[in-house]
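Sequence lines set the chain letters: A, B, ... in the order given, protein chains first and strands last, and positions in each chain run from 1.
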2 protein chains.
Amino acid sequence: MTIRTPTRDLDHPTRDGIRLEGVLHALSDPVRLHVVRRLADADGELSCSDFDLPVSKSTTTHHFRVLRESGVISQLYRGTAKLNTLRRSDLDALFPGLLDSVLAGARSETDRSSGA
Amino acid sequence: MTIRTPTRDLDHPTRDGIRLEGVLHALSDPVRLHVVRRLADADGELSCSDFDLPVSKSTTTHHFRVLRESGVISQLYRGTAKLNTLRRSDLDALFPGLLDSVLAGARSETDRSSGA
DNA sequence: CTCGTAGTTTGACATCTGTCGTACTACGAT
DNA sequence: ATCGTAGTACGACAGATGTCAAACTACGAG
């Protein structure tokens with residue numbers, strides 16, 4: 001029994017490596033903001049294909065990478081799937097209230113445009 | 001006495017025209033975030049030249065325009081100067097807590113890198 | 001009127017960003 | 001071993017972005 005391929009893992013910034021500007025930039029894209037909202041609602045692990053994004057597979061990969069590299073989400077492989085989670089505790093520790101106000105803002109903005 | 005040249009004014013989005021993604025994008029640039037922080041500290045009107053930005057005059061103009069068009073600041077001419085103010089009440093009404101958490105996050109990040 | 005100061009405009013430029021299709025790898029199921 | 005599904009890698013490409021210098025406009029001071 002050879003050493004198991006260590007389910008090749010991905011580079012994540014450490015908590016201290018998360019930069020505010022990177023987070024804001026990551027959240028400033030509609031597709032990525034949508035992903036983050038879904039992730040916050042689910043409050044669990046979702047694979048990349050659980051999101052029905054209006055972009056191609058390669059673009060999806062790109063957006064998830066931006067989110068991971070900016071420290072907004074963490075990703076890990078399980079089998080053929082890639083599970084995504086919000087790095088809520090890291091974000092809350094570094095930038096208290098930021099994620100919640102962004103999520104609330106996004107929600108109310110959606111309500112404004114759909115409702116009246 | 002002819003009608004005074006109406007101190008040519010600038011296009012600002014109305015409160016309802018301010019988009020979350022635009023605000024996040026505007027805040028995700030170091031130069032612009034710096035401007036916003038100074039503006040929040042001063043809590044008053046500052047002319048563009050009150051900031052000692054590490055970029056040229058034309059780039060400065062560009063950044064102030066991005067901030068204005070995204071709804072983060074308002075600008076008005078007074079004589080030869082252009083006065084800038086944070087649109088705090090609009091932002092707080094639309095995205096409660098967002099501006100404060102960004103400002104606090106920026107402050108703590110600065111402290112982390114300079115302090116220890 | 002003339003000058004200086006504040007900011008704009010224009011055009012250029014390199015880089016970044018979001019997007020795609022196609023070919024590829026990794027893993028689980030059969 | 002083979003196949004299908006999940007996701008990646010690699011160009012490619014158009015458009016946005018941050019940057020500058022140089023020429024310009026607008027206003028106040030003298």
Minimum heavy-atom distance between A/Ile18 and A/Ser70, given as atom pair plus value: CG2-O, 3.6 Å
Atom-to-atom span, CD of B/Glu69 to P of D/dA16 - whole angstrom: 13 Å
Residue B/Val31, side-chain heavy atoms: nucleotide from C/dT9, C/dT19, D/dT19 that is nearest: D/dT19
Polar side chain donor-acceptor pair, B/Arg37 to B/Thr110, under 3.5 angstrom: yes
Sugar-phosphate, base or nothing in reach of A/Ser47, heavy atoms under 4.0 Å: sugar-phosphate
Sugar-phosphate only, base, or nothing, as touched by B/Ser58 at under 4.0 Å among non-hydrogen atoms: base
A/Arg65 vs A/Thr80, nearer the 5' end of DNA chain D by closest nucleotide: A/Thr80
Value in whole Å for how far the P atom of D/dC20 lies from NZ of B/Lys57: 13 Å
Separation of atom NE2 in A/His63 from atom P in C/dG18, rounded to whole Å: 6 Å
Between C/dT19 (C1') and A/Arg32 (CZ): distance, integer Å: 12 Å
Length of the CG-P vector between B/Leu53 and D/dT19, whole Å: 10 Å
Donor on one side chain, acceptor on other, A/Thr85 and A/Ser74, under 3.5 Å: yes
B/His25 side-chain N/O to C/dT17 phosphate OP1/OP2 under 4.0 Å: no
Presence of B/Arg78 side-chain N/O under 4.0 Å of D/dG28 phosphate oxygens OP1/OP2: no
Whole angstrom value for the distance that separates P of C/dT17 from CD of B/Glu21: 16 Å
B/Tyr77, nearest nucleotide to its side chain (from C/dA26, C/dG7, C/dT19): C/dG7
Euclidean distance, atom CG of residue B/Asp29 to atom C1' of D/dT19 [Å, nearest integer]: 11 Å
5'-most by nearest nucleotide on DNA chain C - A/Thr60 or B/Leu83: B/Leu83
Lys/Arg N to Asp/Glu carboxylate O, A/Arg88 vs A/Asp100, below 4.0 Å: yes
A/Phe64 CZ to C/dT17 C1', straight-line distance once rounded to whole Å: 18 Å
Polar contact flag, side-chain donor to acceptor under 3.5 angstrom, B/Ser58-B/Thr61: no
Touch class at under 4.0 angstrom, heavy-atom based, for A/Ser49 against every strand present: sugar-phosphate
Sugar-phosphate, base or nothing in reach of B/His62, heavy atoms under 4.0 Å: base
Residue-phosphate contact under 4.0 Å: B/Thr59 side-chain N/O, D/dG18 OP1/OP2: no
